[in-house]
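Excluded from the calculations below are hydrogen atoms, water molecules and symmetry mates; all remaining heavy atoms, backbone and side chain alike, are included.
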Amino acid sequence: MQGPLGTAGRRWRSGAGSPDRAAPERAPKIYTRTGDAGFSSTFTGERRPKGDPIFEALGATDELSSAIGLAGEFSSEKGHTFVDQLHKIQCMLQDVGSNLATPLSSAREAHRKRTSFSEKPVLELEQWIDSYTEQLPPLRTFILPSGGRSSAALHFSRAVCRRAERCVVPLVQAGEADPNVAKYLNRLSDYLFVLARYAAMKEGKEEKIYIKPEP
């Protein structure tokens, strides 16, 4: 699996993203050929099929980060101040991926300490949600993804987030991932919905609403 959350075991064993480790003299090749047979590694060193629920969850989380990155670019063009929050969320999703790539059934204590996921980011999202909600008009009808490019991209990110959550919940229920990861994705979808509405409001864009077709 390619991407920042792919090849989880190799990524962590190589120390990628660790500020306390000196950079290698030569950059490693992007391809390893170790996944050609349809298997990939977790952080704990397990070799699992690429269709394993863990890698499905990792892929959905990676896609979510990409969708948020696109929304962030559109929002940056409009000068929205919440872009820094979106960047912080992308960083948190890296930590989500690290937790998912460390199935608790095979994790040693050292693995768990390195990839634990606390409730603090969940509470931060709740604070952001409350702050934006206070500035929005009451929601009286169903909102369709719309409201300009920033808003529509945030709505799309919300839909991807819901899918990522659906992939993660079974892992949490099976005791393979931290419950705070599922909580974070649940709050994140709410945050993205509220933020989409906020972006439309700040840009003066009209939100399209659901109108029941006439029979």
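With no hydrogens or angles considered, no side-chain donor-acceptor pair links S146 and E207 at under 3.5 Å.
For the atom pair OG (S76) and NZ (K78), the distance works out to 11.5 Å, reported to the nearest 0.5 Å. Note: K183 NZ to D178 CG = 8.5 Å, rounded to the nearest 0.5 Å. Here the CG atom belonging to L58 is positioned 11.5 Å from the CG atom belonging to L93, to the nearest 0.5 angstrom. The CD1 atom of I89 lies 8.0 Å from the CD atom of E124; values are rounded to the nearest 0.5 Å.
Within a 6.0 Å radius of OH in Y210, more than 12 heavy atoms belonging to other residues, nucleotides or ligands are found. Sparse packing is recorded around CD of E73, with 12 or fewer heavy atoms of other residues, nucleotides or ligands lying under 6.0 Å away. In the displayed structure, R108 atom CZ is contacted under 6.0 Å by at most 12 heavy atoms of other residues, nucleotides or ligands.
The backbone N or O of Q90 sits nowhere less than 3.5 Å from a side-chain atom of Q94 that would complete a donor-acceptor pair. In this structure, the side chain of T61 does not engage the main chain of G97 through any donor-acceptor pair within 3.5 Å. A donor-acceptor pair under 3.5 Å links the side-chain atoms of N99 to the main chain of T115, judged by distance alone. Put simply, the side chain of S189 gets close to the backbone of N186: a donor and an acceptor are under 3.5 Å apart.
The side-chain heavy atoms of R112 and L104, taken from C-beta on, include a pair separated by under 4.5 Å. Here the side chains of F156 and L192 are not in contact, with every heavy-atom distance at 4.5 Å or above. When side chains are defined from C-beta on, L64 counts as touching L185, because their heavy atoms get closer than 4.5 Å. By the 4.5 Å heavy-atom criterion applied to side chains, L195 and F82 are counted as neighbours. Looking at L171 and V181, their side chains never come closer than 4.5 Å, going by heavy atoms from C-beta outward. Between Q85 and Y191 there is a side-chain heavy-atom pair separated by less than 4.5 Å. In this structure, R197 and P137 have side chains that are in contact, with non-hydrogen atoms separated by less than 4.5 Å. K50 places none of its side-chain heavy atoms less than 4.5 Å from the side chain of E56.
A perpendicular orientation is assigned to the rings of F193 and H155, their planes being inclined by more than 60° (bins at 30° and 60°).
With sequence neighbours left out, A60 forms a side chain to side chain contact (heavy atoms under 4.5 Å, CB included) with R163, A164, C167. For the ring-ring contact (aromatic ring centres under 6.0 Å, His included) test, no residue two or more places apart in sequence or in another chain qualifies with F74. Taking D190 as the reference, nothing meets the side-chain hydrogen bond (donor to acceptor under 3.5 Å, both in side chains) condition, with sequence neighbours excluded.
Between E203 and R149, none of the side-chain N atoms (NZ, or NE/NH1/NH2) sits under 4.0 Å from a carboxylate O, so this pair counts as no salt bridge. A salt bridge links R162 to E165: at least one charged side-chain nitrogen sits closer than 4.0 Å to a carboxylate oxygen.
Taking both residues in full, the closest heavy atoms of N180 and E119 are given as ND2-N, 3.5 Å, listed atom of the first, atom of the second, then distance.
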